[in-house]
Structures are given as C-alpha cells and as structure tokens.
Amino acid sequence: MPEWKKLPLSLAELCIDTTLRCGQSFRWRRINDEWHCVLQGKLISLKQDPTHLHYKLASPRKLPTSERKSAEDDCVLSLLNRYFVLSQSLSNMYQQWAASDANFARRATAFAGIRILNQDAWETLVSFICSSNNNISRITQMVQKLCVHYGPYVGDIEGEKFHDFPRPEALAGSGVESHLRELGFGYRARFIAETARIVSTDRPAGWLHGLRNPDCPALEISNNKLEDTETKTDTKPPTYRAAHEALLELPGVGPKVSDCVCLMGLGWWESVPVDTHVWQIAQRDYGFGKGVKTKTLNKAMYDAVGDHFRKIWGPQAGYAQSVLFTANLKSFAEQAAGKTEAAKEEVSVAEVEVKPEESKSDISTTASVRTKKRKAVTVEAAVIKAEEENGVEAGGRRTRSTKRAKISG
DNA sequence: ATTCCTCCTTGGAG
DNA sequence: ACTCCAAGGAGGA
C-alpha cells in the first residue's frame, strides 16, 4: 500500500471539497472522505486537513523501488501543482476581488479556497458540450459513461473501477452517436461524436493545445521549451478572443461552452461564461436586465455581463465568477447560508448590508442595438462603456453560416 | 446580416 | 400528472 505524501496548504488556498464538486470537473469521486480521479493515466487520491493536502498514487503498477517511488511522488506533485495552479496565491486574488466589489466580499466569505482547475482541454470541451441545458448530477453521470465505455481502465478503489477520459479518436467512431443516444445523451450525442471526428481528423495534431494561454501560470515550467514537433505551424501567439472564436466552429459549442473551455481548459482566466446562474447573479446583484426589452439573455447582454465583470474584477474575472457561481448553486445553499461552523459568525456580520452600491446603476441595454461595424451594444449605464478603449477588442466576427458550412462539409 | 423564437433529450424537483 | 428547470446551441423565421 503506498503511503500518503503531504503538502502544506491552507483551506483558504485550496478547498478540494468545494472545488471538486462545483461543476468544473465531473470525474472526481469521494469515497470515505478521500477524493479519487484519473489524471493523465494516473489514479490519484487526495484528502485534506486544515494545514495540508495529502496525496498519493492509488495503485502504482509495479513494485516500486524506493527510487522509482520517490520519482513517482515528484511526478504526482508536479501534476497537482499544474492541475490546481498552486503557484498562484488564491487568498491574494480573493482580497483584490473583495476590495473592488462589496458583493464579492459578502458572497465569498463562506466559499474560500475555490480554484479554477487547469484541466485537460479536450475533456473540458466534451464535458461542457454535455452541460448544455443540463444539470451537474446528470453531466457527472454522462461523463462517467464516456469514461467507462470509451476510456482506458486504470484501476480500482474500494471495488469501484476508475477509467481515464477517452481521447478524441476513441469517440470518433461511426457507431458512437447512436450508442451515446442509447446511453441517454440525447441531442448531445451528435455534438460529441462530430466534435471528436473534427478534432481527431480535420484539425492538425496539437490544435486544441495550441489555443492555450501561453501566459497562464500553469505553463511557466513547460513553456520554456516550445517544442518543435507540433507548435511550429502557428507563429502568432493565441489570444483569448481567437481561442473563443476557434472553438465556436465545433458543433455543440456556442459562446458559453466556448468560454468554459477557455477558462477551465485553456488557461484564459478573463473568460466569463455567462450561464443561467451567472445571468441570475448579474440581474440580482449587479443591476442587469432591468430594462423592459432585456429580460432574456441575448448576445449583447452576454457580452455586457462579461465586460462588466472584467471591469470590476480585472483580468482574472472568470476566476472570480466561479466563486459566485458556486455560492449560487442550490447544492451549496446550506454553505451559502453560513451553516458551516467556520463561516457562521462572519456571514451574520456581513449580512447587515445587503445592497451594494453597484446595484443602483440599473444596467440595461437600450433596444437600439445599432450594430454598424463592431459597436456591439449601446448601454445606458456609464459603467460599461468606459471599457470600449480598454483593450478588449472584438476580433473578426465569425458568422454562423461559416460554422454550418464547416459542419456539413 | 443580425436578431429572435422554437425545438431539442433526459430526468429530477416542485 | 404536469410544469419547470438544469453551467445552451442549432436552425429557421
């Protein structure tokens, strides 16, 4: 039996119990207060106490000599550092967001230690294609089915089998769509099969990885050696906008799913996925949607919400968004209400001032969406329009006919 | 060319 | 039983 290794880490820097079940990754399973998942072919186990994160390789394949064993431990540690991006100080970021936004300060009190996971881009892509018009528990079941039926088996824990996530080629077969429909994927079956075929066949090797943010802290180590094998096709460094647009070409990928992949799979932390929860938050806490004509989330509103959050939270807005997203989930309602002993008193103190000043701005778009060239939307509140010159340039628009043409062809 | 509306699968919750 | 909702997107009007 392998021994646990430990890493000094506070719950404010990482809380796996919240981070691993807030709808980012759908493969971690908790058994007896220990978390297990296959990452890069390795079955990894985690547990946490207030001062340390404990980790181990759940089932090493060979009898480890002491040398090999310590090498494997180093490998797991490096993997965890990249997966959780532990080089980044989370409490510092929380402090900055709380200082610039009273609502964040209030909501985040009971939700410390939530990190954006630096996940595999392909897994993130497929997982969030599954997420459309869906709920977290069923997404989890669907991802599990993908692993069981198409992913490589790695090992057992407590009688439960663990598989890795399948590679694109494994999901690109001809019978995949009908099989996934039998497995209850609904209309997403075609999206997954088709996207797998495009990524594995139509796109060059390393295409998805090439959309990564080269400045993401998770890449600091491996970025020095820009390997010649598959990255020499592209000379210009990718941008968030370019990555976002490139993903939109794939079937089942719209603006929201694309932003999820950018944020959680490609290291673009300025990406703000606006889903039903974030739209609720934007309306309830940030004055969006007060206009008569703007109760529904249209494209202009989608962009305005993301731009607003980037304005108040800065270039890691998507990271901050995930904290409020988690605090808004029904499955975390008890935690949000401060039922945990740790957060109880702090929340009751902060509960006094419920209305932040920002709420009075009543952000709503006027119906005059005079889209001439790239002026996306006219916004009444001056809060938004200030960022026009702020460098968030909207790149060349990709029309939908282009996307359809790519799919059918 | 852009925007808006409806439909798409499934299953759990109210 | 029935409607609504869940980390939305595609296709047509």
Side-chain angles (χ1 to χ4, degrees), chain A residues 19 21-26 114 116-117 119 123-143 145 177-195 244 247-265 271-282 293-303 305-306 309 318 321-333 365-378 394 396-408:
Chain A
T19 300
R21 45 188 192 101
C22 70
Q24 287 190 64
S25 171
F26 304 93
I114 297 176
I116 293 292
L117 301 172
Q119 300 184 80
E123 174 182 348
T124 310
L125 172 59
V126 177
S127 296
F128 282 93
I129 287 176
C130 292
S131 78
S132 77
N133 204 12
N134 209 346
N135 55 69
I136 290 178
S137 76
R138 188 154 81 107
I139 300 165
T140 304
Q141 295 173 37
M142 289 163 69
V143 170
K145 285 176 180 173
E177 177 182 344
S178 58
H179 184 214
L180 292 183
R181 281 197 175 266
E182 293 172 8
L183 292 174
F185 281 64
Y187 58 88
R188 306 165 195 86
R190 181 170 59 84
F191 296 155
I192 295 168
E194 189 66 9
T195 291
H244 179 89
L247 291 170
L248 289 181
E249 306 266 328
L250 302 169
V253 180
K256 189 271 175 182
V257 170
S258 177
D259 274 335
C260 285
V261 179
C262 283
L263 177 65
M264 297 171 238
S271 172
V272 178
V274 183
D275 71 325
T276 173
H277 292 281
V278 177
W279 177 231
Q280 285 174 22
I281 293 168
K293 199 86 171 87
T294 58
K295 290 185 69 67
T296 60
L297 179 60
N298 53 32
K299 164 128 182 72
M301 270 306 184
Y302 186 98
D303 292 338
V305 170
F309 285 151
Q321 166 267 0
S322 76
V323 178
L324 295 195
F325 170 87
T326 305
N328 202 58
L329 288 175
K330 280 197 290 290
S331 53
F332 285 93
T365 60
T366 62
S368 64
V369 191
R370 312 174 61 84
T371 56
K372 187 49 196 154
K373 279 302 182 186
R374 62 166 56 174
K375 276 305 196 267
V377 61
T378 312
R397 279 271 176 264
R398 190 70 79 190
T399 68
R400 190 176 327 164
S401 58
T402 304
K403 176 171 182 174
R404 273 208 298 263
K406 290 267 183 184
I407 298 166
S408 59

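Because the structure is predicted, anything quoted here is derived from the model rather than measured. Below, read A as the first sequence line, B as the second, and so on, with proteins coming before strands; counting in each chain starts at 1.
Distance noted for atom P between B:dC5 and C:dA7: 24 Å (whole Å). Here, B:dT9 and C:dG12 have their P atoms 14 Å apart, quoted to the whole Å. Here, B:dC7 and C:dC4 have their P atoms 14 Å apart, quoted to the whole Å.
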Check the interface with nucleotides 8-12 of chain B: list each N/O to N/O pair with the protein under 3.5 Å, or write none.
unit_1: B:dT9; atom_1: OP1; unit_2: A:Arg181; atom_2: NH2; d: 2.8
unit_1: B:dT9; atom_1: O5'; unit_2: A:Arg181; atom_2: NH1; d: 3.4
unit_1: B:dT9; atom_1: O4'; unit_2: A:Tyr187; atom_2: N; d: 3.3
unit_1: B:dT9; atom_1: O2; unit_2: A:Arg138; atom_2: NH2; d: 2.9
unit_1: B:dT9; atom_1: O2; unit_2: A:Arg188; atom_2: NH1; d: 2.8
unit_1: B:dT9; atom_1: N3; unit_2: A:Arg188; atom_2: NH2; d: 3.3
unit_1: B:dT9; atom_1: O4; unit_2: A:Asn133; atom_2: ND2; d: 2.9
unit_1: B:dT10; atom_1: O4'; unit_2: A:Arg138; atom_2: NH1; d: 3.3
unit_1: B:dT10; atom_1: O2; unit_2: A:Arg138; atom_2: NE; d: 3.2
unit_1: B:dT10; atom_1: O2; unit_2: A:Arg138; atom_2: NH2; d: 2.7

What protein N or O atoms touch nucleotides 1-3 of chain C N or O atoms at under 3.5 angstrom, if any, and at what distances?
none

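For A:Ser137, the side-chain hydrogen bond (donor to acceptor under 3.5 Å, both in side chains) partners two or more places apart in sequence, or in a different chain, are A:Asn135. Legend: residues meeting side-chain hydrogen bond (donor to acceptor under 3.5 Å, both in side chains) with A:Asn133, ordered by chain and number and at least two apart, are absent. Every residue meeting the salt bridge (Lys or Arg N to Asp or Glu O under 4.0 Å) condition with A:Arg21, not counting sequence neighbours, appears here in chain and number order: A:Asp17. A:Phe309 is linked by a ring-ring contact (aromatic ring centres under 6.0 Å, His included) to A:Tyr286, A:Trp313, counting only residues two or more places apart in sequence or in another chain. Listed by chain and number, the residues in a side chain to side chain contact (heavy atoms under 4.5 Å, CB included) with A:Ile136 are A:Phe26, A:Thr140, A:Leu329 (sequence neighbours excluded). Partners of A:Tyr302 under the ring-ring contact (aromatic ring centres under 6.0 Å, His included) rule, at least two apart in sequence or in another chain, do not exist in this structure. Shown here are the side-chain hydrogen bond (donor to acceptor under 3.5 Å, both in side chains) partners of A:Ser271, two or more places apart in sequence or in another chain: A:Asp259.
For A:Phe191 and B:dC7, the CZ to C1' distance is 11 Å, given to the nearest whole Å. Between the CE atom of A:Met142 and the C1' atom of C:dA7 there is a distance of 13 Å, given to the nearest Å. We find that CG of A:Leu297 is positioned 13 Å from P of B:dC5, with the value rounded to whole Å. Atom pair A:Phe128:CZ and C:dA6:P shows a separation of 16 Å (rounding to whole Å applied). Whole-Å rounding puts the A:Ile136 CD1 to C:dA7 P distance at 5 Å. Here the C1' atom of nucleotide C:dA10 and the CG atom of A:Leu248 are 13 Å apart, to the nearest Å. Spacing between atom CG of A:Leu125 and atom P of C:dG9 amounts to 12 Å, rounded to whole angstrom units. One atom, CD1 of A:Ile192, and another, P of C:dG8, lie 15 Å apart when rounded to the nearest Å.
Among residues at least two apart or in separate chains, salt bridge (Lys or Arg N to Asp or Glu O under 4.0 Å) pairs with a member in residues 123-138 of chain A are A:Arg27-A:Glu123.
Using modelled atom types, no side-chain atom of A:Glu194 and backbone atom of A:Pro251 make a donor-acceptor pair closer than 3.5 Å. Side-chain atoms of A:Gln321 do not come within 3.5 Å of backbone N or O of A:Gly306 as any donor-acceptor pair.
A:Leu183 approaches A:Lys145 most closely through the heavy-atom pair O-NZ, 2.9 Å. The shortest non-hydrogen separation linking A:Arg188 to A:Ile129 is CD-O, 3.7 Å. A:Ser258 approaches A:Leu247 most closely through the heavy-atom pair OG-CB, 3.5 Å.
Contacts between residues 271-282 of chain A and DNA chain B, counted as heavy-atom distances below 4.0 Å, involve no residue at all.
Stacking annotation: A:Phe325 is stacked on the base of C:dA7 (ring centroids less than 5.5 angstrom apart, interplanar angle below 30 degrees).
Pairing analysis of DNA chain C (Watson-Crick: purine N1 to pyrimidine N3 plus N6-O4 or O6-N4; G-U wobble: N1-O2 and O6-N3; both under 3.5 Å) yields stems of 3 or more pairs at B:3-8 with C:8-13, B:10-14 with C:2-6.
Contact annotation for A:Ile139: no contact, since no heavy-atom pair falls under 4.0 Å across all strands. At a threshold of 4.0 angstrom between heavy atoms, the contacts of A:Met264 include nucleobase atoms, whether or not backbone atoms are also involved.
With a 4.5 Å cut-off on side-chain heavy atoms, A:Val126 and A:Thr195 do not count as touching.
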